[in-house]
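Since the model is a prediction, treat every value here as computed from it, not as a measurement.
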Amino acid sequence: MSAAHNGDGRSIGQLFASATADVSALVHDEIALVKVELRQDAKRALFGSGAIIVAVVLAFFAMPMLSMAAAYGIHALGLGLAWSFLIVGGAYVLIAAFLGLLAYLKFKKVKKPERSIASAKKTAAVLQNVKPHPREVEAGPGSGRAIEASSANAVEVKM
């Protein structure tokens with residue numbers, strides 16, 4: 001008897017080959033779609049990163065100008081120029097001190113990963129008690145020596 005056929009005259013082998021080809025084509029199409037989407041997202045991320053870098057650079061160059069404008073603005077109110085610059089500088093020092101204190105308080109709350117450390121210690125304790133089964137390995141043809149190796153990388157030569 002010949003190979004089994006379905007109603008449209010194709011054998012099971014032909015149906016299986018057709019299904020395999022269809023699945024393969026589907027997987028290739030899905031991979032192509034992922035590549036296209038990743039390229040688009042990478043371009044967007046690259047553009048966004050560039051925009052952020054330019055914004056930071058511009059803000060960095062704008063700070064001295066804004067500082068001088070603030071100092072001259074305070075000077076226009078009637079204070080001396082030196083006092084105006086001292087006030088602006090002092091404001092920056094106060095802002096920096098506040099942000100430093102805030103960072104210190106946040107870092108102080110950071111704790112070591114105690115559960116992970118405990119789990120690693122338990123795993124290490126279990127693994128220390130494991131004794132691997134030594135295996136016999138021939139040193140070479142005609143040498144008359146056998147090498148016993150263990151997982152601790154220690155090798156003994158028996159005569």
Flag yes if [X] and [Y] sit in one hydrophobic cluster, no otherwise; membership is Ile, Leu, Val, Met, Phe, Trp, Tyr, and two members link when side-chain heavy atoms are under 4.5 Å apart.
X     : Y     : answer
Tyr72 : Ile87 : no
Leu15 : Val23 : no
Ile95 : Phe98 : yes
Val88 : Met63 : yes

Going by the side-chain contact (heavy atoms from CB on, under 4.5 Å) test, name the single residue among Val57, Leu58, Val56 that passes it with Val54.
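Checked Val57, Leu58, Val56 against Val54; only one passes side-chain contact (heavy atoms from CB on, under 4.5 Å): Leu58.
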State the [atom1]-[atom2] distance between [X] and [Y], to the nearest 0.5 angstrom.
X      : Y      : atom1 : atom2 : answer
Arg44  : Leu46  : CZ    : CG    : 13.0 Å
Leu101 : Lys108 : CG    : NZ    : 10.0 Å
Leu79  : Ile74  : CG    : CD1   : 7.5 Å
Leu66  : Phe61  : CG    : CZ    : 13.5 Å
Asp29  : Asp22  : CG    : CG    : 10.5 Å

Report yes if the side chains of [X] and [Y] come closer than 4.5 Å at any heavy-atom pair, otherwise no.
X     : Y     : answer
Ser67 : Tyr92 : yes
Phe85 : Met68 : yes
Ile31 : Val27 : yes

Donor-acceptor pair, distance only, cut-off 3.5 Å: does the side chain of [X] make one with the backbone of [Y]?
X     : Y     : value
Glu37 : Val34 : no
Ser84 : Gly80 : yes
Ser49 : Ala45 : yes

Candidate pair Lys106 and Val110, rule side-chain contact (heavy atoms from CB on, under 4.5 Å), full reasoning
CA-CA 7 Å; Lys106 291 295 181 181; Val110 174; over 6 Å; no
